Each structure stands twice: as structure tokens, then as C-alpha cells.
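Just the heavy atoms: all of them, side chains too, but no hydrogens, waters or symmetry mates, feed the values below. Everything quoted here is computed from the prediction, not taken from an experiment. Every chain is numbered from 1 and lettered A, B, ... according to where its sequence line falls, protein lines coming before strand lines.
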There are 2 protein chains.
Amino acid sequence: MSLLEDLLEEVRAAKTTITRKSALNKVKLMRTLFDKEMLTLGDLVQDMGLSFPTMNSLVLDLHQRKMLVPKDKGESIGGRKPVLYQINDGIFNVLCVEIERFAVRMVVMDNNNNVLFEPKSYPFEISTQESDIEDLVQVILQYFEDRHIEEQNISAIGLSMPGLINFKIGTNQTFYSNNSFNISDYLKQKFGKHVAMVNDVKGAAISELAYGAAQDKENVLVILMDWGIGLGIIIDGKVYMGNEGFSGEMGHMVFVDEGELCYCGKRGCLETIASGVYLVNQARADIEKGVPTLLKNLKNLADLQPQHIIQVANQGDQYAIDLIASLGNNLGKAISLLIQILNPEAVVLSGKFAKAGSLITIPIQQSLNKYTMNAIRQKCEIQLSSLDDNGYAQGLVRYTVEDYFKNNLVTLNMNN
Amino acid sequence: MSLLEDLLEEVRAAKTTITRKSALNKVKLMRTLFDKEMLTLGDLVQDMGLSFPTMNSLVLDLHQRKMLVPKDKGESIGGRKPVLYQINDGIFNVLCVEIERFAVRMVVMDNNNNVLFEPKSYPFEISTQESDIEDLVQVILQYFEDRHIEEQNISAIGLSMPGLINFKIGTNQTFYSNNSFNISDYLKQKFGKHVAMVNDVKGAAISELAYGAAQDKENVLVILMDWGIGLGIIIDGKVYMGNEGFSGEMGHMVFVDEGELCYCGKRGCLETIASGVYLVNQARADIEKGVPTLLKNLKNLADLQPQHIIQVANQGDQYAIDLIASLGNNLGKAISLLIQILNPEAVVLSGKFAKAGSLITIPIQQSLNKYTMNAIRQKCEIQLSSLDDNGYAQGLVRYTVEDYFKNNLVTLNMNN
DNA sequence: CTGACTTGATTAAAATTTTTAGTAAAGTTT
DNA sequence: AAACTTTACTAAAAATTTTAATCAAGTCAG
């Protein structure tokens with residue numbers, strides 16, 4: 001049993017209200033420390049509303065158990081430097097399972113984002129067949145084998161995937177078309193661990209908020225540009241999920257009257273004119289027509305991916321540049337609607353398209369200038385994401401740990 | 001000095017931390033009680049994290065000062081009924097100043113929404129001339145005279161108006177075109193009272209949340225339909241203001257490519273095809289063309305107002321019904337974008353158009369079915385507002401009192 | 001209708017925490 | 001190097017929270 005589970009057990013086993021309260025405060029202290037990453041004793045006193053002596057004894061106890069460590073010293077503001085406390089490494093280890101359109105990427109990281117087992121991708125395609133979920137289990141077991149991972153070293157599983165995920169009950173509409181099958185429960189039973197499930201864009205938004213371009217901001221839109229187009233909405237410093245977890249489905253906003261048929265069943269969705277799918281389809285059609293472009297050098301046109309187009313555009317290919325620009329203009333028009341409605345302080349462009357840099361930002365900015373009210377746009381910065389390969393996994397770790405604490409604290413407070 | 005101000009003074013004058021804490025807790029108790037309207041001792045203990053004995057003595061003290069009263073008894077859940085406490089009448093009296101497009105409406109209400117001085121409307125037109133603000137002061141003084149109101153009986157002023165209002169610093173873009181003039185400060189100086197200023201749609205959203213169709217809901221869109229079209233966004237049970245207070249400007253979302261010129265400077269804004277202004281302009285043009293409609297009986301076509309069109313539509317006028325339906329279709333298309341982005345649990349249709357009932361809801365619903373993803377739309381109810389004439393003023397009272405508490409508690413906690 | 005069983009209100013003693021105050025340690029600034 | 005700040009830690013005094021007990025006011029089954 002892990003140190004954190006010991007602590008939770010201590011709360012459950014407490015005989016008097018006093019010992020219970022003390023143990024519960026230690027759990028809350030761990031959560032606060034995870035949330036804020038590094039805090040001084042004084043910060044903790046303020047955050048948790050306890051006195052210095054009490055907080056001191058709590059910290060001392062957790063220090064002795066090696067659950068937290070004095071890491072650095074904070075900046076002095078005219079006197080002695082305060083000690084900064086941090087959760088110890090390896091207190092909570094998360095298996096990150098990032099389900100992408102044609103692959104699953106896995107990595108194991110601890111609460112401080114240390115990589116415990118190196119990432120690896122496996123081919124995997126989402127469909128709505130019944131066997132998918134069992135396939136996923138097999139891929140996970142394969143990863144365990146490949147990296148020599150013992151299951152007992154994993155504290156919880158974090159799952160991210162595109163599509164509609166009901167965050168309140170843990171169902172989704174990606175595997176199986178009926179809403180009743182509960183992946184979280186299935187995996188939880190299979191592995192005997194806490195499972196957190198989150199939509200990929202919302203995971204990205206958490207990453208940007210905690211470690212990326214949205215740090216220290218309150219109201220931000222995170223646009224994830226890849227095969228599809230997703231939106232993560234940050235409001236009051238929190239990622240807004242939507243009433244059932246379905247917020248941010250901007251890719252299927254209807255944008256063109258009587259437009260092209262989208263795979264979602266509607267016509268003229270934004271994704272039909274501004275997405276990786278659109279880019280690839282358009283490029284394929286144009287290449288067949290004989291348009292001059294570096295893309296023609298590609299061996300197999302069927303393998304064409306959005307990143308190839310971005311790549312040649314960055315090399316100066318005029319066709320690719322124009323294609324990305326027209327996409328940027330349409331996307332900018334959509335973003336202008338969002339800004340007009342939500343008045344954010346920043347828009348963060350994330351995902352594979354961020355690599356296109358100003359080739360995409362300038363067309364977007366152009367549309368914003370045209371379609372947004374001055375006062376609302378003026379203070380809204382357009383920023384490119386700067387997260388690295390493990391960036392989204394870090395957000396997934398964060399979501400998983402938060403979910404774990406939330407679930408446990410709710411059930412602990414119930415059995416008052 | 002009012003009872004509430006006495007209490008605040010007590011906090012400031014407190015010599016020891018202990019007496020200060022106690023006085024501060026009484027202020028917080030008053031705020032909690034205002035926020036939740038009616039609470040039992042047990043509720044207060046839970047909400048504020050204090051023990052029964054302590055809370056009991058706080059309540060006793062405030063009861064003796066006549067700041068709160070035991071009002072009703074709660075429902076029994078198998079034993080003795082608990083006493084429900086409520087803030088006493090007349091503890092905080094708000095002058096509500098609702099600035100509309102062509103009028104100002106005023107009313108004085110207390111913290112429990114009792115009308116102390118009957119409402120009255122005065123003609124008033126917003127422009128960006130310097131003299132406007134002084135005109136407003138004159139109209140307020142006129143109201144005081146007409147209703148025999150003594151200034152000392154007013155605790156604070158609540159101001160609602162259309163347009164962009166920076167809620168953090170109290171400036172607006174309705175009076176004066178430059179952003180630097182501060183109406184709140186001006187009126188505060190003129191009357192020596194706290195002034196809260198809020199955008200009319202956000203005020204309406206607060207009303208719907210506290211007393212209307214959005215009660216007990218978490219994530220709701222409130223559409224205010226009048227001369228313009230406004231949107232109030234309720235997220236996690238709070239009205240979302242936007243980073244600078246400019247959220248919800250849906251009327252100026254660009255909706256028609258190279259459409260009609262809007263007064264905001266852009267082309268093809270939603271308001272040019274779905275608003276009271278559109279309705280009136282379209283009707284005037286059609287009547288001149290000789291379309292058969294009951295509206296022709298109107299004496300003066302220049303006086304045509306949206307409510308006239310709604311009225312004849314309710315009487316069965318086919319032209320008006322069709323006109324409203326086409327507006328509803330367009331509006332529904334816009335709302336479908338919002339639902340797709342924000343996944344609310346309900347959409348509340350408020351404002352004068354709500355009187356059109358199913359004549360407007362059915363066309364809207366029709367568009368929603370066409371343009372929104374099934375899963376997101378399914379659990380989203382479309383509801384009509386049921387607020388009465390003073391409904392929006394009640395939201396303004398609520399905003400004003402909340403603002404007053406927030407401001408005071410912030411400054412009190414600063415001089416720790 | 002009565003009696004057993006709830007839950008709520010109130011009070012008092014015991015346990016614990018918070019204040020308050022004082023001292024030492026560790027920096028910064030003049 | 002001295003004076004001033006801020007943090008860390010300890011201990012006595014003061015206040016609050018627990019805990020427990022009693023009374024009041026309901027519900028509900030028989």
C-alpha cells in the first residue's frame with residue numbers, strides 16, 4: 001500500500017473526530033501541495049485556514065513519513081528566506097494512456113512529472129466495436145511487458161481520448177455508440193486502480209494552464225489543432241467541462257450553409273473547412289489536379305498527414321502556405337465568435353498546427369481584426385503553445401491526481 | 001448609520017484579533033444569509049465551518065440587534081423542525097436604476113426584495129455626450145422628489161445598462177466613447193453611497209439564476225431579447241463576466257458574410273438579422289410595400305416597437321407570425337453555436353420576446369435540432385422566462401448587495 | 001392517541017487549537 | 001558591521017471545538 005493510501009486509511013480508521021480531522025487535514029495538505037506545487041509554511045497556513053503551530057506539526061509529521069520534502073528556499077522579501085515544501089517524488093505514479101486517432105501513447109510519470117517509464121506508442125484505431133476495449137487492455141499489458149513495469153508501482157490510470165466524455169459518470173461516446181458502457185469502471189475492475197478519463201482537448205487545456213502558455217491566467221481559450229479542431233475553455237482558472245462534459249465541440253459548429261457532409265451527420269461543420277482532415281483532403285485533390293507543390297515528392301499520397309503539409313510550408317512551399325492561410329482565415333472567423341462570446345484574456349494555439357508558427361497565426365489574427373469588436377479583442381493575446389512531447393501527458397497526470405483526491409475526499413466526507 | 005455599517009465599523013475598530021474575527025464572522029454570516037436567503041443554524045455551521053456553540057452566540061447577537069430574524073420553520077426530516085433564519089427587512093435598501101434604450105426605470109427595494117418606493121420610468125436616451133451623466137443625476141433627484149425619498153434611507157445604488165461595462169474598474173463604453181471616465185466613482189461622490197454597475201443582460205441572468213427559470217441550475221444560457229440581443233452566461237452557478245466584463249456580446253457575432261452594416265461598425269452582425277431593431281425595420285419596409293398585416297392599423301409607423309409586432313402575432317396575424325418565425329430560425333442557429341461550445345443544461349429566453357411564447361420557441365427549437373449535435377442538445381431544455389416587472393430589478397439588488405459585501409470584505413481583509 | 005424514536009436547541013466540562021508573546025536564526029539593506 | 005525584516009520555533013494564556021447530557025418538538029407505528 002502506498003503512503004498516500006496509508007493516509008486515507010488513517011482517516012477511515014480514526015476513532016475520534018479529533019484524530020479524524022487531523023488525518024483529513026494531512027490529506028488536504030497533500031492536495032494543496034500538489035495543486036500549488038511548492039508552498040511555504042505561511043502559504044499553507046493561509047490556504048488551509050489553520051494556525052502556524054498546527055500546520056507546523058502536520059508538516060513535520062508528513063516530512064517524517066517522507067511524503068513531502070523541503071525543496072528550495074523562496075525569495076526573500078527583506079528577511080529570512082522561507083522554506084518551500086513540495087510533495088516527494090514517487091508518491092503517486094500515473095500510467096498515462098493517450099488515445100489518439102491512429103495510435104495509443106503511453107508513459108508512466110509521478111506526481112512531480114518525473115518520467116518513471118519511457119513513453120511508447122502503439123498502433124491503435126478507435127472504432128465502436130465491442131472488442132476495442134479488450135484490445136486496449138492488451139496494449140496496456142504489452143506496454144507493461146515492454147518496459148518491465150510491475151502493476152503495483154502504478155497508483156492510478158489516466159485516460160485521454162477525443163470525443164464526448166461524460167465526466168460525471170465516466171461514460172463516453174467514442175468506444176461503443178451507446179452511452180451506457182462505462183470504460184472507467186471496466187478498467188478499474190481489470191486493474192484494481194483508480195481510473196480518470198478526460199477528453200484530449202480538456203487535457204491539453206489543463207497542461208497549458210498548469211505548465212504552458214495559459215499559466216497564471218484566468219480566462220483562456222485553448223484551441224487544439226490536429227486531425228480535428230477542439231476547444232478547451234478555461235474560466236476563472238479552471239477548465240470548464242460543460243454540464244455533461246461536452247463543452248468545446250467547436251469542430252462541429254455549423255459554419256457553412258448547406259455545406260459538405262460531416263462524419264457527425266450534419267452539414268457544413270467547421271471541421272469540413274478548417275481541420276487536418278480538410279487540409280489533407282484538399283491537398284490530395286489539388287495534387288491530383290496537378291498543382292505545383294513539394295508535396296508531390298511524397299511517395300504515397302494515402303499516407304499524407306497534416307504535419308507533412310506544415311513541414312513543406314515551413315520550407316517555403318507556396319501552395320502549402322496558401323492552403324494553411326485559407327484554413328487560418330476560416331478558423332480565425334470561428335475564433336472571433338468565441339472571443340465575442342467569452343471575452344478571454346488569451347487564445348492559445350496548441351496541437352500539431354502550432355508548428356506552423358506565424359503561417360497560421362497571421363491569417364487567424366487577420367480574421368480576428370475583421371470579425372471581432374475592438375474593445376473585446378484589444379487585450380486578447382494570441383499565443384502559440386510551447387509544450388514538449390510529454391506536455392499533454394503532464395496535464396493528464398494532473399487531472400488524474402486531482403480526480404483521485406476529489407473522489408476520495410468526497411467519499412471520506414460522506415461517512416462523516 | 002445603518003446596522004450593517006455599524007457591524008463593518010466594529011471590524012475596523014476591533015483592537016484584538018479575537019474581537020476582529022468575531023465581528024468579521026458576523027459580517028460573513030450576514031453575507032451567507034443574504035446569499036442563501038434562509039438557513040438553519042446547522043446549515044450555517046456547515047457553510048461557515050464554525051461550531052454550534054460559536055454560531056449560536058453569533059446568531060443570538062445578530063438577532064438581538066434585529067439584523068436577522070427567525071422566520072419560518074424548515075421541513076422536518078423525522079424530528080423537531082429547525083428554525084430558519086433570514087436577514088431582517090430593511091437592512092440594506094437599494095436604489096435600482098435600470099437604464100434602457102429610451103428610458104430609465106427606478107425603484108427602491110430592500111434586501112428581501114420588498115418594494116419600499118414604487119417604480120417609475122422617465123424618458124432618457126443614452127448618447128455619448130458629456131452632459132448625459134449630469135442628466136442622469138437630475139433624473140434620480142427627480143425620482144427622489146416624486147416619491148418623497150430621503151437619501152439617508154438608501155444604502156447603495158445599483159445601475160444596469162446595455163453595452164460594454166468593465167466590471168473590475170467600473171468604467172463603461174456607453175456614456176462617453178473613451179474608456180477612462182468612471183461613472184461609478186462619479187455617482188459615488190455625488191451621492192456618497194456605494195455604486196454597483198452591471199450590464200443589463202448579466203443583471204437579467206442573475207435574476208433568472210436567483211428567482212427565475214435558472215434556479216438550482218449550474219450551467220445556463222440566458223438570452224435577453226429586446227431591441228438588441230444579449231447573452232448572459234451562467235457557469236458553475238455563477239454569472240460569467242468575461243475577463244474584462246465583456247462576455248456575451250452575441251448580438252455582434254458576425255453571422256452573414258458581407259451582410260448589412262451594423263452600428264458597431266462591422267458587417268453582418270447577428271443583430272442585423274435577429275433583433276427587435278431588425279423586426280421593426282423589416283416590418284416598416286414590408287408595410288410600405290403593402291404587405292397585408294394588422295400592423296397597418298397603427299397610427300404612427302415611426303412609433304412601431306417590437307412588442308407591437310409580438311402583440312399582433314399573438315392575435316394571429318400571419319405576417320407577424322412569419323416574421324417572428326424567420327427571426328427565431330436565425331436566432332436558433334446562433335444559439336446552436338453557443339450550445340455546441342458551452343453544453344449548458346438549459347437555455348432561458350428572457351426579455352420582451354418571451355411574450356411571443358411558442359411562436360418564437362418552436363422556430364428556435366427547429367434550428368437547434370438541425371444545427372446541434374444530438375448528445376449535446378438532448379438534455380438541454382429551452383425555457384421561457386417567467387419574471388415579472390420587478391424581476392430584473394431584483395437581480396440588480398442582488399448584484400449590488402453582493403458587490404457591497406465583496407468590496408468591504410476585500411478591504412477589511414487587507415488591513416489585516 | 002400514545003409511546004418510541006427522531007432531530008433540534010442549549011448548556012457545561014474536557015480537550016484541543018489558536019492567540020499572543022518572546023527568542024533565535026537567516027537574510028537584506030544602509 | 002549594524003539595524004531592520006522576515007521566518008522558525010516554543011510556551012503560556014485565551015478561545016474554540018468536542019463531547020456529553022438534557023430538554024424540546026416533531027414523526028410515525030401500532
For Ala14(A) versus Thr19(A), what's the shortest heavy-atom pair and its separation? CB-OG1, 3.6 Å

Nearest-nucleotide pick for Thr17(B), side chain only, options being dT20(C), dC9(D), dT10(C): dT20(C)

Calculate the interatomic distance between Tyr85(A) atom OH and dT7(D) atom C1'; express it in whole Å. 11 Å

Output the rounded distance in Å from CG (Leu50(A)) to C1' (dT16(C)). 13 Å

In whole angstroms, the gap separating C1' of dT7(D) from CG of Leu44(A) amounts to 14 Å

Counting side-chain heavy atoms from CB outward, which of dG26(D), dG8(C), dT16(C) is closest to Pro82(B)? dG8(C)

How many Å lie between NZ on Lys15(A) and C1' on dT18(D), as a whole number? 18 Å

With DNA chain C as reference, determine whether Pro53(B) or Pro53(A) sits nearer its 5' end, using the nearest nucleotide of each. Pro53(B)

By nearest nucleotide on DNA chain D, pick out whichever of Thr16(A) and Lys81(A) is the more 5' one. Lys81(A)

Whole-Å distance separating the NE2 atom of His63(B) from the P atom of dT10(C): 11 Å

Using atom CG of Asn56(A) as one end and atom P of dT19(C) as the other, report the distance to the nearest whole Å. 15 Å

Nearest listed nucleotide, side chain of Phe52(B), among dT18(D), dA8(D), dT10(C): dT10(C)

Using whole Å, what does the distance between atom P of nucleotide dA8(D) and atom CE of Met55(A) come to? 13 Å

Should the ring pair His194(A) and Tyr404(A) be called parallel, tilted or perpendicular, given that the plane angle runs from 0 to 90° and is split at 30 and 60? perpendicular

Let's test your reading of the model: under 3.5 Å, does the base of dT7(C) pair with the side chain of Arg80(B) as donor and acceptor? no

Measure across Gly90(B) and Asn111(B) and return the closest heavy-atom pair with its distance rounded to 0.1 Å. N-OD1, 3.6 Å

Show the nearest heavy-atom pair for residues Ala393(A) and Val107(A), with the distance to one decimal. CB-CG1, 3.8 Å

Assign each of Ile18(B) and Leu41(A) to its nearest nucleotide of DNA chain D by heavy atoms, then name whichever residue's nucleotide is nearer the 5' end. Leu41(A)

Here the pair of heavy atoms bringing Asn219(B) nearest to Asp236(B) is OD1-N, 3.0 Å

Between CG of Leu39(A) and P of dA8(D) the distance, given in whole Å, is 12 Å

Quick one: is dA15(D) close enough that its OP1 or OP2 comes under 4.0 Å of any side-chain N or O from Lys21(B)? no

